[in-house]
Amino acid sequence: MARYLVTGGAGFIGSHLTGALRARGDSVRVVDDLSSGRLDNLAGFSEVEFIQGDLADADVARRAVHEIDYVLHLAAIPSVPRSVTDPVRSHRANVDGTLNILVAARDAGVKRLVFAGSSSVYGSEPGLPKRESMPTAPMSPYALQKLTGEIYCRLFHRLYGLETVVTRFFNVFGPRQDPGSPYSGVISLFVTALATGRRPLIHGEGGQTRDFTYVENVVDGVLRAVTAPKAAGEVFNVATGHRVSLLDLLGALAREMAASADPEFAPARAGDVRDSLADISKAGELLGYSPGVSFDEGLRRTIAWYLASQAGR
Ligand code: NAD
Ligand code: UD1
């Protein structure tokens, strides 16, 4: 039984990772400051140790990695617009927190750390699909902070021999994604708008595209990155290799929910990337990864979860 630390484990993706680890019998500690995460997200899993704390505090990071084999580092303020409004606060969580956990993991002799990177590091440079070898061009403080985290991870591998792997997530969706703020993931916002009879808001003209990835696929990619023999020091896209425009996404949701897709339009967001699509062949070759849950199936499961949680309220 391996001992895992999931940072940001009370959040959306972190709670799914925690659930998958507990389901196979691994021991899990979560560290989270509950800034966007919720303890409710962990309610379904037994025997999860929880530390509430801010990883920008080095003592919290040190306590969190004590006697841990593997670190899955997801804690972050994961929002492009939030980082545009308050870059300093995002930097503390996304860069200071990452450096602290890397130092603590190095000092505690952690076997491997997997970092939640982001497709946003590619920016709007021409060329799709995005391969890991392509240049990065951050367009927001968030993207720059995620890239800084990646570079720190690679540096810690080279300089100190700490095994680190970067998994670059593309727009992730699924149950437990919090729809509670205008900065939330677009699928959580569209589903809850349609479910409550509100008009979804589209920033821009809706032609922007994303490689929307169901959360179970991301969990699979991250868990493979923990054990794959040739992964240390590497960066991997974890996505589906397909892209969907916002207008097509809304059409698919409206059909599935038997609702009318009648969006309002607002100006495009500052720092927004136009098109995003991953080449996932490197993760296929070195991690044995392929997305097991299709976009349509992921949407169905996500809609079902939001409807059930609304009915339960
Ligand atoms: P989330 O907000 O649900 O999870 C982030 C968690 O980190 C929250 O529980 C939050 O309370 C915690 N946290 C934030 N700052 C912290 C700090 N200083 N100390 C301790 N805990 C802290 O978001 P998510 O969508 O689950 O994102 C998880 C990770 O995946 C993030 O690193 C994010 O950048 C990355 N990512 C997400 C997506 C996506 O589409 N959701 C895409 C690319 C990358
Ligand atoms: C970006 C990153 C992703 C990152 C995430 C964190 C890219 C390609 N992706 O996602 O890797 O982890 O930030 O926040 O950079 N939108 C609407 N209406 C809404 C909400 C959003 O039209 O109500 C639009 C946005 O302007 C954007 C798209 O939908 O064009 C997706 O937005 P969102 O779900 O917030 O994620 P990204 O910003 O793409």
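We count ligands from 1, going down the list as the structure has it; atoms in each ligand are counted the same way. Positions are given from 1, in the same order as the sequence printed here.
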**Study point:** atom 24 (C) of ligand 2 - nearest protein heavy atom and its distance
**Key:** Leu246 CD1, 3.5 Å

Exercise for review: Within a distance under 4.0 Å of any heavy atom of Gly37, pick out the atoms of ligand 1 and give their elements.
Suggested key: 8 (C), 9 (O), 10 (C), 11 (O)

Revision key, fill the gap. With heavy atoms and a 4.0 Å threshold, my read on which part of Arg210 contacts ligand 2 is side chain

Check your understanding: Gly117 near ligand 1, heavy-atom distance under 4.0 Å?
Key -> yes

Revision key, fill the gap. What one should report as the nearest heavy-atom pair of Ala2 and Tyr70 is CB-CE1, 3.8 Å

**Study point:** Protein residue, atom and distance nearest to atom 3 (O) of ligand 1, heavy-atom basis
**Key:** Phe12 N, 2.8 Å

Exercise for review: Within a distance under 4.0 Å of any heavy atom of His203, pick out the atoms of ligand 2 and give their elements.
Suggested key: 16 (N), 17 (C), 18 (N), 19 (C), 22 (O), 26 (O)

Check your understanding: Looking only at heavy atoms of Gly185, does any of them come nearer than 4.0 Å to an atom of ligand 1?
Key -> no

Point to revise | Proximity of Lys146 to ligand 1 by residue part, where a heavy atom lies under 4.0 Å | key: side chain

Check your understanding: Considering only heavy atoms of Leu201, which atoms of ligand 2 have at least one such atom less than 4.0 Å away?
Key -> 17 (C), 18 (N), 19 (C), 22 (O), 23 (O)

Review point. What are the two closest non-hydrogen atoms of Ala239 and Tyr289, and how far apart are they?
Key: O-OH, 2.5 Å

Exercise for review: Have a look at Thr18 and tell me which of Val48, Asp26, Ile13, Asn41 forms a side chain to side chain contact (heavy atoms under 4.5 Å, CB included) with it.
Suggested key: Val48

Review point. For ligand 2, is there an N or O atom under 3.5 Å from any N or O atom of Pro182?
Key: no

Exercise for review: Start with the C-alpha distance between Ser119 and Asn171, add both sets of side-chain angles, then the distance that settles side chain to side chain contact (heavy atoms under 4.5 Å, CB included), and finish with yes or no.
Suggested key: CA-CA 8 Å; Ser119 58; Asn171 296 57; 4.2 Å; yes

Review point. Touching ligand 1 at all, Ser79? Heavy atoms, strictly under 4.0 Å?
Key: no

Review point. At what distance is the nearest protein heavy atom to atom 36 (N) of ligand 1, and which residue and atom is it?
Key: Phe169 CD1, 3.7 Å

Check your understanding: Hey, which of Arg168, Glu132, Lys130 is the one that makes side-chain hydrogen bond (donor to acceptor under 3.5 Å, both in side chains) with Tyr122?
Key -> Arg168

Check your understanding: Heavy-atom contacts under 4.0 Å between Asp178 and ligand 1: side chain, backbone, both, or neither?
Key -> neither

Practice item. Could you find the nearest protein heavy atom to atom 26 (O) of ligand 1 and give me its residue, atom name and distance? Key: Ile13 N, 2.9 Å

Exercise for review: Tell me which part of Val172 gets within contact of ligand 2: side chain, backbone, both or neither, using heavy atoms under 4.0 Å.
Suggested key: neither

Check your understanding: Which protein non-hydrogen atom lies closest to atom 5 (C) of ligand 1, naming both residue and atom, and how far is it?
Key -> Ala76 O, 3.6 Å

Study note, to complete from the structure: A student comparing Ser35, Pro78, Ser184 should find that the heavy atom closest to atom 23 (O) of ligand 1 comes from Pro78

Check your understanding: In the protein, which heavy atom is nearest to atom 38 (C) of ligand 1, and how far is it?
Key -> Val172 CG2, 4.0 Å

Revision key, fill the gap. Looking only at protein heavy atoms, what sits closest to atom 30 (O) of ligand 2 is Asp272 OD2, 2.7 Å

Check your understanding: How far is atom 12 (O) of ligand 2 from its nearest protein heavy atom, and which residue and atom is that?
Key -> Tyr142 OH, 2.8 Å

**Study point:** Nitrogen or oxygen atoms of Tyr183 and ligand 2 under 3.5 Å apart
**Key:** no

Review point. Where is the nearest protein heavy atom to atom 34 (O) of ligand 1: which residue, which atom, and how far?
Key: Tyr142 OH, 2.7 Å

Review point. So which heavy atom in the protein is nearest atom 2 (C) of ligand 2, and how far is it from that ligand atom?
Key: Ser120 CB, 3.9 Å

Point to revise | Residue and atom name of the nearest protein heavy atom (relative to atom 12 (C) of ligand 1), distance in Å to one decimal | key: Asp32 OD1, 3.4 Å

Check your understanding: Taking the side chain as C-beta and beyond, is there a heavy-atom pair between Val103 and Phe156 under 4.5 Å?
Key -> yes

**Study point:** N or O pair under 3.5 Å between Val273 and ligand 2
**Key:** no

**Study point:** Contacting atoms of ligand 1, where contact means under 4.0 angstrom from a heavy atom of Asp54
**Key:** 17 (C), 18 (N), 19 (N)

Practice item. Determine the minimum heavy-atom distance between Leu55 and Asn100, stating which atoms define it. Key: O-ND2, 2.9 Å

Exercise for review: Check Gln208 against ligand 2 and report side chain, backbone, both or neither, counting heavy atoms closer than 4.0 Å.
Suggested key: side chain

Revision key, fill the gap. Looking at Leu34, Asp33, Leu74, the heavy atom closest to atom 17 (C) of ligand 1 belongs to Asp33

Practice item. Take every heavy atom of Gly97, measure it against each atom of ligand 1, and state whether any distance is under 4.0 Å. Key: no

Check your understanding: Does ligand 2 have a heavy atom under 4.0 Å from the side chain of Leu189, from its backbone, from both, or from neither?
Key -> side chain

Revision key, fill the gap. Tested for salt bridge (charged side-chain N to carboxylate O under 4.0 Å, His left out) against Arg243, the lone hit among Asp211, Asp275, Asp248, Asp279 is Asp275

Exercise for review: With heavy atoms only and a cut-off of under 4.0 Å, state how Ile187 meets ligand 2: side chain, backbone, both or neither.
Suggested key: neither

**Study point:** Other residues, nucleotides, ligands: >12 heavy atoms within 6.0 Å of Arg269 CZ
**Key:** yes

Check your understanding: Numbering the atoms of ligand 2 from 1, which are under 4.0 Å from a heavy atom of Arg269?
Key -> 20 (C), 21 (C), 25 (C), 26 (O), 35 (O)

Check your understanding: To which protein heavy atom is atom 1 (P) of ligand 1 closest, and what is the distance rounded to 0.1 Å?
Key -> Ser36 OG, 3.8 Å

Exercise for review: May I ask you to establish whether Arg106 and Tyr160 are in a cation-pi arrangement, using a distance under 6.0 Å from NZ or CZ to the six-membered ring centre and at most 45° from the ring axis?
Suggested key: yes

Practice item. Step through the shown structure and confirm whether more than 12 heavy atoms of other residues, nucleotides or ligands are within 6.0 Å of CZ on Arg274. Key: yes

Exercise for review: Check whether any N or O atom of Ser276, backbone or side chain, sits under 3.5 Å from an N or O atom of ligand 2, and answer yes or no.
Suggested key: no

